[in-house]
*Asks:* 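I'd like to ask some things about the structure below.
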Amino acid sequence: MAGVEGRVVVVTGAGGGVGRAHALLFAEEGARVVVNDLGADRDGTGRSSEMAESVVAEIRDAGGEAVANADNVAEPEGGQRIVDAAVEAFGRIDVVVNNAGILRDVTFHKMTDEQWDAIQKVHLYGTYHVTRAAWPRFREQAYGRVIVTTSTSGLFGNFGQSNYGAAKMGLVGLINTLALEGAKYNVSANAVAPVAATRMTEDIFSEEMLERLDPRWVSPAVVHLASEDCTDTGIAVVAGGGNYSRVAVMQAPGANFDAIPTVDALAASWDQVTDLTGATVGRNPPD
Ligand code: NAI
């Protein structure tokens, strides 16, 4: 078993794309699912409860348990209502999968405040709102699983996505600390970076790549990280198209000085500062 049987799982933005695949797999593995989706267009405009309801219908038709919710993760009350929907329907909440997302691609030079803010509101604030609403329950019941959806655009950068990349890397910063604060309450926090053919990526990936990138490839990584059996916390995993691989922030051995170096002295050692040979996963404070 996948370790989520009977657990109550919220998946945001689960009316289509990757989130829908997550919701279907959680239900198939015996979890009870809140399918949240605002029913927005790719850029976040528009609204309809139909997307969430149709995924709930699919789950129920297959014999699973699910309820629909059409609240907006970008609003604090929306985050609270999504968590309340889980508690009202199923009496508890065990897992939050923060997946809802939008795009406003534009080069930094041309970006408007609205394009910057809209992305932070859905990805970073949206994850904050839903996770913040669930957190006290996770602590009280000494069990919880937080999954955030990051992106290689944040982890590695992507032309035209400075707003999105900043939000997605911000989410990695969030789980780094949630992992520390949640540890003694048996609450884990991890990140998944999907690589999948959805409406979000239909004009980004080549035709050949899109064929190999069914969103269902991503979901086993999310369900595993949400499982009772998974003790990992504070990690990020890229998942899609058959590859599952951890990405981590590494620290090089670097160069050490006993006295404050001159700029010239530091510059002379710069190759050693930046050489990643022997790098290890970074820790705070360092070992
Ligand atoms: P998608 O556009 O198919 O799905 C996103 C869903 O979120 C939509 O159904 C939309 O209605 C919903 N949504 C948007 N704003 C919302 C809000 N304020 N409240 C509630 N729901 C809202 O896109 P896709 O590809 O399935 O993306 C899912 C997540 O994966 C996103 O966070 C995205 O940034 C991330 N991602 C996807 C990648 C890919 O290769 N498809 C790559 C890296 C990250």
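Residues: numbered from 1 along the sequence shown. Start at 1 and go down the list; that is how both ligands and their atoms are numbered. The shown structure was predicted, so the numbers you read here are calculated from the model rather than taken from an experiment.
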*Asks:* Answer yes or no: is there a donor N or O on one side and an acceptor on the other, between the side chain of His123 and the main chain of Ile102, under 3.5 Å?
*Replies:* yes
*Asks:* Looking at non-hydrogen atoms alone, which of Phe205, Tyr125, Tyr164 comes nearest to atom 34 (O) of ligand 1?
*Replies:* Tyr164
*Asks:* I'd like to know if Gly126 contacts ligand 1, where contact means a heavy-atom distance under 4.0 Å to any ligand atom.
*Replies:* no
*Asks:* I need the nearest protein heavy-atom contact for atom 6 (C) of ligand 1: residue, atom name and distance, please.
*Replies:* Gly13 O, 3.5 Å
*Asks:* Please list, in number order, the atoms of ligand 1 under 4.0 Å from a heavy atom of Thr150.
*Replies:* 43 (C), 44 (C)
*Asks:* Do Arg137 side-chain atoms and Arg92 backbone N/O form a donor-acceptor pair below 3.5 Å?
*Replies:* no
*Asks:* List the closest protein heavy-atom neighbour of atom 30 (O) of ligand 1: residue, atom name, distance to the nearest 0.1 Å.
*Replies:* Thr149 CG2, 3.3 Å
*Asks:* Quick test: of every protein heavy atom, which one is nearest to atom 24 (P) of ligand 1, and how far off is it to 0.1 Å?
*Replies:* Thr198 OG1, 3.5 Å
*Asks:* Specify the protein heavy atom at minimum distance from atom 18 (N) of ligand 1: its residue, its atom name, and the distance to 0.1 Å.
*Replies:* Asn72 OD1, 2.7 Å
*Asks:* Quick one: does Gln120's side chain have a donor or acceptor within less than 3.5 Å of a partner on Asn163's backbone?
*Replies:* yes
*Asks:* Is the side chain of Thr131 donor-acceptor paired with the backbone N or O of Thr127 at a distance under 3.5 Å, no angle test?
*Replies:* yes
*Asks:* Heavy-atom contacts under 4.0 Å between Leu38 and ligand 1: side chain, backbone, both, or neither?
*Replies:* both
*Asks:* Looking only at heavy atoms, is any part of Leu213 under 4.0 Å from ligand 1, and if so is it the side chain, the backbone, or both, or is it neither?
*Replies:* neither
*Asks:* May I ask you to identify, for Leu103, whether its side chain, its backbone, both or neither come under 4.0 Å of ligand 1 on a heavy-atom basis?
*Replies:* neither
*Asks:* Check contact between His123 and ligand 1, using heavy atoms of the residue and a distance below 4.0 angstrom.
*Replies:* yes
*Asks:* Quick check: do Val106 and Met111 have side-chain heavy atoms less than 4.5 Å from each other?
*Replies:* yes
*Asks:* Between Val223 and Trp217, is there shared hydrophobic-cluster membership here, with clusters defined by ILVMFWY side-chain heavy atoms closer than 4.5 Å?
*Replies:* no
*Asks:* Within a radius of less than 6.0 Å around CD of Glu50, do more than 12 heavy atoms belonging to other residues, nucleotides or ligands occur?
*Replies:* no
*Asks:* Taking only heavy atoms of Thr201, which atoms of ligand 1 are found under 4.0 Å from at least one of them?
*Replies:* 39 (C), 40 (O), 41 (N)
*Asks:* Measuring only between side-chain heavy atoms, which start at C-beta, is Ile59 closer than 4.5 Å to Phe26?
*Replies:* no
*Asks:* Under 4.0 Å from any heavy atom of Met51, which atoms of ligand 1 are there?
*Replies:* 9 (O)
*Asks:* I want to confirm something. Looking only at heavy atoms, which of Val11, Thr12, Asn36 is nearest to atom 20 (C) of ligand 1?
*Replies:* Asn36
*Asks:* Measure the distance from atom 38 (C) of ligand 1 to every protein heavy atom, then report the residue, atom name and distance (to 0.1 Å) of the closest one.
*Replies:* Pro194 O, 3.6 Å
*Asks:* Sub-3.5 Å donor-acceptor pair from the side chain of Ser153 to the main-chain atoms of Asn158, do we have one?
*Replies:* no
*Asks:* Need the ligand 1 atom indices (1-based, order shown) with element for anything under 4.0 Å from a heavy-atom of Asp71.
*Replies:* 19 (N), 20 (C)
*Asks:* With clusters defined by side-chain heavy atoms of hydrophobic residues (ILVMFWY) lying less than 4.5 Å apart, directly or transitively, does Val148 cluster with Ile82?
*Replies:* yes
*Asks:* What is the distance from atom CH2 of Trp116 to atom CZ of Phe108, rounded to the nearest 0.5 Å?
*Replies:* 6.5 Å
*Asks:* Is the contact between Val195 and ligand 1 made by the side chain, the backbone, both, or neither, using heavy atoms and a 4.0 Å cut-off?
*Replies:* backbone
*Asks:* Ignoring hydrogens, what is the shortest heavy-atom contact between Phe257 and Ser269? Give both atom names and the distance.
*Replies:* CZ-OG, 3.6 Å
*Asks:* Measure Val73 to ligand 1 on non-hydrogen atoms and call it side chain, backbone, both or neither using the 4.0 Å cut-off.
*Replies:* both
*Asks:* Tell me, which protein residue and heavy-atom name are nearest atom 23 (O) of ligand 1, and how many Å apart are they?
*Replies:* Met200 CB, 3.5 Å
*Asks:* Would you mind checking which non-hydrogen protein atom is closest to atom 2 (O) of ligand 1, with the distance to 0.1 Å?
*Replies:* Arg199 NE, 2.9 Å
*Asks:* Hey, is Ala196 one of the residues with a heavy atom under 4.0 angstrom from ligand 1?
*Replies:* yes
*Asks:* Say whether Lys168 and ligand 1 are in contact under the criterion: heavy-atom distance to a ligand atom below 4.0 Å.
*Replies:* yes
*Asks:* Return the closest protein heavy atom for atom 13 (N) of ligand 1 as residue, atom name and distance.
*Replies:* Ala100 CB, 4.0 Å
*Asks:* Provide the closest heavy-atom pair for Asp232 versus Asn190 in the form atom of the first, atom of the second, distance.
*Replies:* O-ND2, 3.0 Å
